[in-house]
Amino acid sequence: NEVSVLADGKVVSLPRSMHTGDVGYGAVNESVKVIVNLPVYLAMANAAKLEMRLCQDEFTLEGVDLAVLREVASRLRPAP
């Protein structure tokens with residue numbers, strides 16, 4: 001499951017994603033995880049436009065979703 005990101009039209013280099021899936025209660029639950037370092041996270045959070053693709057699905061983070069990324073970024077502090 002490939003994850004791609006454009007931050008303000010520029011490709012964001014991401015590590016390989018991890019995929020898990022479970023079947024239960026008549027449904028399939030899947031998750032895709034990508035662990036990013038701080039500079040990558042900040043580039044994504046500070047972008048005016050954040051476009052993403054998960055497999056063949058493309059979407060744009062905007063509004064409250066982008067605001068949450070920025071809120072988390074504003075609270076990050078260096079480790080002591």
A.B. asks: How far apart are the closest heavy atoms of A73 and A45, and which atoms are they?
C.D. replies: CB-CB, 3.9 Å

A.B. asks: Can you tell me how far apart CD (E2) and CZ (R16) are? Round to the nearest 0.5 Å.
C.D. replies: 9.5 Å

A.B. asks: Please determine which of L42, L14, V3 meets the side-chain contact (heavy atoms from CB on, under 4.5 Å) test together with V36.
C.D. replies: L14

A.B. asks: Would you compute the distance between atom CZ of R70 and atom CG of D65 and round it to the nearest 0.5 angstrom?
C.D. replies: 11.5 Å

A.B. asks: Can you name the closest pair of heavy atoms from L69 and Y41 and give their distance?
C.D. replies: O-OH, 2.9 Å

A.B. asks: Could you give the distance from NE2 (H19) to SG (C55), rounded to the nearest 0.5 Å?
C.D. replies: 7.5 Å

A.B. asks: Assigning hydrophobic clusters by single linkage (Ile, Leu, Val, Met, Phe, Trp, Tyr; side-chain heavy-atom cutoff under 4.5 Å), is L61 placed with V32?
C.D. replies: yes

A.B. asks: State yes or no: do V72 and L38 share one hydrophobic cluster built from I, L, V, M, F, W and Y residues joined by side-chain heavy-atom distances below 4.5 Å, directly or via other members?
C.D. replies: yes

A.B. asks: Verify, without hydrogens or angle tests, whether D22 (side chain) and N29 (backbone) share a donor-acceptor contact under 3.5 angstrom.
C.D. replies: no

A.B. asks: Spell out, as yes or no, whether a donor-acceptor pair under 3.5 Å connects the side chain of R53 to the backbone of E58.
C.D. replies: no

A.B. asks: According to a 4.5 Å side-chain heavy-atom criterion applied to Ile, Leu, Val, Met, Phe, Trp and Tyr, with indirect links allowed, do M52 and V12 form part of one hydrophobic cluster?
C.D. replies: yes

A.B. asks: Are L54 and V40 connected in the hydrophobic side-chain network, where two residues link if heavy atoms are under 4.5 Å apart?
C.D. replies: yes

A.B. asks: Would you say I35 and M18 make side-chain contact, with heavy atoms under 4.5 Å?
C.D. replies: yes

A.B. asks: Would V34 end up clustered with V11 when hydrophobic side chains under 4.5 Å apart are linked, directly or stepwise?
C.D. replies: no

A.B. asks: Compare every heavy atom of A48 with every heavy atom of D8, then report the nearest pair and how far apart it is.
C.D. replies: OD1-N, 2.8 Å

